[in-house]
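Input: a single structure, listed below in structure tokens.
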Amino acid sequence: EPEVTQTPSHQVTQMGQEVILRCVPISNHLYFYWYRQILGQKVEFLVSFYNNEISEKSEIFDDQFSVERPDGSNFTLKIRSTKLEDSAMYFCASSELPGVRDNEQFFGPGTRLTVL
Amino acid sequence: AQKVTQAQTEISVVEKEDVTLDCVYETRDTTYYLFWYKQPPSGELVFLIRRNSFDEQNEISGRYSWNFQKSTSSFNFTITASQVVDSAVYFCALSVTGANNLFFGTGTRLTVIP
């Protein structure tokens, strides 16, 4: 069964460093998403992406965040200068169609980011 | 604005007991979608069900059942004859037409004791 994959599973970084979290969405999916879950809290939407553009973003997704689809398979989330409060589990998701109307978002296993 | 409330932070049941997880939502949209996801200790999010606002029919899938009541803005989830493998955090989520994102509740941690 096709699945969304994410690497690495756990990333440890120093405050102020740049990190890139990688995702490989399901191959025929066209819509991609990043969500964040601070430990013990709810899952929060960060950004959605379609046709090489951001289609929607939350207030969490400020200038230190960026997303990119550098090739035909990867979808990346870059955090330019990490802060302690960026420590969280980051989930990538993809869907065949936009939004959630007639389809589901398939989630990856997550990348746990720890900022020291 | 959209909001999802899961008032039960943690629930513990003994194996084979039935358990209901509550979810109350708020939205001004007339068309919306409700979801339940399971997050086992390994951390991934597992899709369980999607229900649209026009379909109030309750659904049963094996030991799982869902009760959607628009009158009380609730979408409750019942596990019958719980098993240890059901131990996880369960999230209720909401999305509205035209939006790409899911609004999640704070989750309910279910522990099934053998």
Side-chain angles (χ1 to χ4, degrees), chain A residues 1-6 8-10 23 26 29-51 53-61 67 88-113, chain B residues 1-10 21 23-27 29-55 59 61 66 75 88-109 111:
Chain A
E1 189 174 325
E3 58 183 18
V4 177
T5 60
Q6 291 184 242
S9 56
H10 191 188
C23 168
I26 294 173
H29 287 187
L30 301 176
Y31 299 84
F32 316 116
Y33 315 84
W34 283 102
Y35 289 81
R36 178 182 82 176
Q37 184 185 28
I38 294 172
L39 186 63
Q41 299 187 21
K42 65 181 176 183
V43 179
E44 300 172 293
F45 170 75
L46 291 178
V47 65
S48 59
F49 189 87
Y50 167 68
N51 199 25
E53 286 185 346
I54 290 174
S55 50
E56 194 170 338
K57 62 181 181 179
S58 72
E59 57 191 28
I60 302 170
F61 193 86
V67 289
M89 180 78 94
Y90 289 81
F91 291 102
C92 174
S94 70
S95 64
E96 192 174 356
L97 299 172
V100 293
R101 184 168 60 188
D102 293 312
N103 76 122
E104 64 179 274
Q105 293 180 18
F106 290 81
F107 282 81
T111 292
R112 181 166 297 285
L113 176 65
Chain B
Q2 278 60 242
K3 187 177 177 183
V4 176
T5 301
Q6 295 180 255
Q8 304 150 307
T9 308
E10 295 191 31
L21 310 182
C23 173
V24 173
Y25 62 91
E26 292 177 33
T27 180
D29 286 66
T30 55
T31 302
Y32 51 89
Y33 305 86
L34 296 163
F35 302 77
W36 277 95
Y37 283 85
K38 174 182 180 180
Q39 187 176 43
S42 48
E44 72 272 24
L45 287 169
V46 179
F47 168 82
L48 295 177
I49 189 172
R50 175 182 65 248
R51 173 68 69 214
N52 75 55
S53 53
F54 296 112
D55 183 3
E59 182 156 338
S61 176
W66 291 269
F75 186 45
V89 180
Y90 290 86
F91 289 97
C92 181
L94 165 73
S95 185
V96 298
T97 304
N100 290 320
N101 55 310
L102 295 165
F103 294 91
F104 283 82
T106 50
T108 297
R109 180 178 299 280
T111 302

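Letters A, B, ... are given to chains in the order of the sequence lines, protein chains preceding strands, and every chain is numbered from 1.
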Could you check whether atom NZ of Lys38(B) has more than 12 heavy atoms from other residues, nucleotides or ligands sitting under 6.0 Å from it? yes

Take atom CZ of Arg51(B) as the centre, draw a 6.0 Å sphere, and report whether it contains more than 12 heavy atoms from other residues, nucleotides or ligands.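 More than 12 heavy atoms, drawn from other residues, nucleotides or ligands, come within 6.0 Å of this atom.
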
Heavy-atom pairs under 4.5 Å with chain A - which of Thr106(B), Leu45(B), Thr31(B) has more of them than the others? Leu45(B)

Can you say whether Gln37(A) sits under 4.5 Å from chain B via the side chain, the backbone, both, or neither, judging by heavy atoms? side chain

Distance, nearest 0.5 Å, that separates [atom1] of [X] from [atom2] of [Y]:
X: Tyr33(A); Y: Leu102(B); atom1: OH; atom2: CG; answer: 8.5 Å
X: Gln39(B); Y: Met89(A); atom1: CD; atom2: CE; answer: 6.5 Å
X: Asn101(B); Y: Glu44(A); atom1: CG; atom2: CD; answer: 11.5 Å
X: Phe107(A); Y: Phe47(B); atom1: CZ; atom2: CZ; answer: 10.5 Å

What part of Tyr32(B) lies closer than 4.5 angstrom to a heavy atom of chain A: side chain, backbone, both or neither? neither

With a 4.5 angstrom heavy-atom cut-off, is it the side chain or the backbone of Gln6(B) that approaches chain A, or both, or neither?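 For Gln6(B), neither part sits under 4.5 Å from chain A.
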
